[in-house]
Amino acid sequence: MPPSTDKPAVDLSTPVQFLKGGGAHRAEQLARLGVTTVRDLLFNFPRDYQDLTDVRTIAALEEGPLVSVLGTVEEVDMRDGGGRSIVGVLVRQGDDHLRAVWFNQPFMREKFRRGQTVLLSGRARQRSTRWEMAHPHVKWIETEQDEPRGSLLPIYPLTEGLAQRHVGQLVRAALEACLDQLEEVFPAGYLEHHDLWPLRFALPQIHFPDSPEDLERARRRFVYQELLVLQLALALKRQQVQSSLEAHPLELSAKIDARIRRLFPFPLTAGQNQAVAEIAADMGRAYPMNRLLQGDVGSGKTIVAVYAMLLAVAHQTQVALMAPTEVLARQHLDTLDKLLAGSNTRLGLLAGGQSAKTREETLAGIAAGEIQIVIGTQAVIAAGVDFARLGLVVIDEQHKFGVRQRAALKHSAVHPHYLVMTATPIPRTVSMTLFGDLDVTTLIDSPPGRQNVHTYFPPAADRPRWWEFFRKKLREGRQAFVIVPLVARGSVADALQEETEPEEALAEPPSPAPATLFDEDVPAETAPPPVSLEEAYEHLANGELEAFRLGLIHGRMSSSEKQAAMDDFRAGRTQVLVATSVVEVGVDVPNATLMTIESAERFGLAQLHQLRGRISRGMHPGYCCVFTGVENDEARARLAAFVESSDGFRLSEVDFELRGPGDVLGTRQHGLPPLRVANLTRDAATLEEARRDAREMVEADPGLTSEEHALLRRMALVRYGKSLDLGDVG
Ligand code: ADP
Ligand code: MG
């Protein structure tokens with residue numbers, strides 16, 4: 001790398017190979033971590049730190065924790081034997097001694113001289129006569145300025161052949177060569193005003209913190225920066241949508257309002273009215289609505305969406321309603337069919353398993369503008385459907401889709417309005433991140449007369465009692481679900497074929513205890529609960545529920561089989577539906593008030609709450625009972641929370657704490673690049689701050705076109721431009 005005349009020998013874009021201590025071999029190892037340039041190296045932050053700040057006297061040592069001891073080197077010796085060498089260094093502190101030892105590192109011997117002051121950090125062990133530390137970290141205290149205090153050692157991600165000290169040395173070299181070449185990201189005055197450390201201050205401290213407090217301050221700077229850049233991208237997206245995208249203005253009038261409400265079988269709740277008002281206001285504008293409607297399971301989101309849909313239809317525009325499962329799509333079709341009976345609105349269904357002819361006719365009807373409302377699963381609708389005049393897209397149960405998937409729908413130059421619904425209450429931090437470019441309406445009340453669901457988590461021995469209660473309620477005329485995690489025992493692939501793709505199925509669940517030779521001796525009620533649909537159905541049909549009409553449904557059935565199973569259940573021809581999580585979302589059968597969830601440990605909290613939502617929809621109280629086979633602490637905590645609370649928001653917070661933000665919505669599907677430094681559980685306050693600041697900044701400087709925001713704007717575009725489709729902002 002020949003240096004050019006005015007460029008420094010090493011700059012931020014120099015390959016790490018050319019750093020002092022680099023080399024081709026190291027560079028190759030680092031490349032496997034995605035680190036190729038000096039800049040990459042500097043921004044490859046430690047994933048953790050080893051805390052060596054606990055400095056103690058030898059008298060106060062104990063076994064276990066990482067501690068540091070300051071002392072004077074008194075003796076250095078080395079023993080060889082059997083192909084092993086041991087270097088021993090005796091360190092004195094007052095009258096006490098500590099021995100440090102290194103195995104097979106003969107070179108360590110040369111590093112110590114009698115009389116040197118050293119700080120040794122490691123885990124101390126009590127030997128017969130004195131304390132000992134194996135392979136401690138050593139800090140040589142050579143000058144008066146050297147602080148005799150322990151430090152925080154960075155722990156970097158590594159690859160084969162790469163050690164912590166290699167990365168550490170290279171980072172030091174990079175800091176030395178390039179720290180003063182780094183350009184500050186924030187405008188002048190901004191740092192002070194927001195209590196942030198300058199980059200040149202924070203960067204060395206995030207790698208080699210002087211103290212936990214310094215690390216915290218350095219970290220805050222980078223967390224804030226990362227979240228601000230994200231929030232700026234989201235704010236730019238909002239602005240872009242509002243200023244440059246054109247939509248049909250679908251204004252509400254008193255006449256339209258009356259015509260819509262006349263079709264409804266019940267008056268809307270105050271919350272629903274509020275939601276309808278917000279949505280109608282958005283739809284009346286000439287740029288696209290981008291609104292998230294969230295409300296707990298059973299809060300009555302469908303009718304709100306129907307209102308929006310009829311408003312669009314009143315303006316002669318078309319509507320696409322997308323649901324995550326076919327079962328739900330067909331249910332929506334049913335609901336709308338009933339509501340619109342007698343009106344001349346034409347509905348169309350696009351679902352898997354339709355004949356080519358039906359599909360073609362429907363597509364033609366949509367292209368000609370004759371079909372006003374199209375209902376289907378998102379995959380089916382997104383695949384090349386041409387609308388004559390698309391006015392509104394409603395996406396039900398958004399959390400089951402990728403957030404960004406809505407962009408996949410084809411439309412003309414005029415954009416449709418978007419209404420996105422979710423029943424998975426999302427922790428605020430997550431919704432601000434994943435849905436940060438959306439406006440949010442939250443349904444806070446629920447339809448009148450709604451009863452709480454009683455939830456139980458009894459020991460296996462109580463099974464007979466539960467089933468007895470279950471039968472009693474069935475005889476009173478109620479209906480029931482029995483939920484099991486898998487279609488057939490054995491493969492995870494089974495679960496993956498469920499239409500809703502339960503996230504849990506991705507992590508191979510612990511397999512149930514293998515059957516023992518003494519199976520016959522195990523009393524029935526302590527046998528592990530059924531895991532698969534086949535097992536459960538067999539057992540129930542020939543046992544506890546012998547006297548009742550059972551149906552079953554799962555994601556691998558054909559469309560018509562599924563439809564028949566749902567129809568039978570809805571009509572009461574079957575009393576109990578044995579099902580997989582295919583009924584998890586949206587299914588609305590108010591007379592169903594009982595639910596048994598088998599092997600409940602295999603479901604996530606959000607999923608359990610959704611499932612329970614199936615039986616809290618009518619005027620009768622619901623009863624839900626969960627059984628587990630395998631228990632671990634996490635599963636028990638999850639089920640305990642489930643029993644304790646029926647508040648979806650509360651449960652989502654718990655889920656978030658138990659599983660971390662990544663899994664709650666499934667990072668793999670939300671479509672935004674992952675956060676690198678910030679942690680939504682830990683950094684919620686900083687997130688709020690960054691969001692507020694980002695919105696202010698974009699409001700004051702639309703499009704972030706001013707010079708002082710140039711760098712921030714570039715960072716937002718580089719990182720999120722593609723996933724947020726920010727193209728024309730750049
Ligand atoms: P979710 O928000 O989970 O999608 P739904 O829209 O399916 O909930 O509504 C749940 C049940 O509540 C449905 O049976 C629906 O008909 C009923 N419902 C909704 N709104 C009202 C209301 N204002 N008054 C009475 N019942 C209502
Ligand atoms: Mg719903």
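Whatever order the structure lists them in is the order used to number ligands and atoms, beginning at 1.
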Notebook entry, point to check: Where on M421 is there a heavy atom closer than 4.0 Å to ligand 1, on the side chain, on the backbone, on both, or on neither?
Noted result: neither

Margin query: I'd like to check which ligand 1 atoms, numbered from 1 as shown, lie under 4.0 Å from a non-hydrogen atom of P448.
Written below: 24 (N)

Next item on the list: Answer yes if the side chains of T377 and E326 hold a donor-acceptor pair under 3.5 Å, and no otherwise.
Entry: no

Margin query: Within the 4.0 Å heavy-atom shell around V297, which atoms of ligand 1 are there?
Written below: 3 (O)

Check: So, is G300 polar-close to ligand 1, with some N/O to N/O distance under 3.5 Å?
Finding: yes

Notebook entry, point to check: With no hydrogens and no angle check, do the side chains of S646 and R612 hold a donor and an acceptor under 3.5 Å apart?
Noted result: no

Next item on the list: Assess the side chains of Q372 and R346: does a donor N or O sit below 3.5 Å from an acceptor N or O?
Entry: no

Checklist line | Distance-only N or O hit between ligand 1 and G298, under 3.5 Å | finding: yes

Margin query: Please work out, at 4.0 Å between heavy atoms, whether the side chain, the backbone, both, or neither of T302 comes within that distance of ligand 1.
Written below: both

Margin query: Side chains of R478 and N591 only: does a donor on one sit below 3.5 Å from an acceptor on the other?
Written below: yes

Margin query: Suppose the criterion is side chain to side chain donor-acceptor pair (under 3.5 Å): which pairs have a residue in residues 270-287, not counting sequence neighbours?
Written below: R261-N273, T269-Q272, Q274-E278, E278-R291, E278-T441, D282-R285, D282-R291

Check: Counting only heavy atoms not in E251, do more than 12 sit closer than 6.0 Å to its CD atom?
Finding: no

Note to self: Would S299 count as a contact residue for ligand 1, given that I'm defining contact as a non-hydrogen atom of the residue lying under 4.0 Å from a ligand atom?
What the structure shows: yes

Item checked: Y623/F470 aromatic ring centres below 6.0 Å -> no

Margin query: With a cutoff of 4.0 Å, is P267 in contact with ligand 1, counting heavy atoms of the residue only?
Written below: yes

Next item on the list: Find all atoms of ligand 1 within a distance of less than 4.0 Å from any non-hydrogen atom belonging to T269, and give their numbers and elements.
Entry: 23 (N)

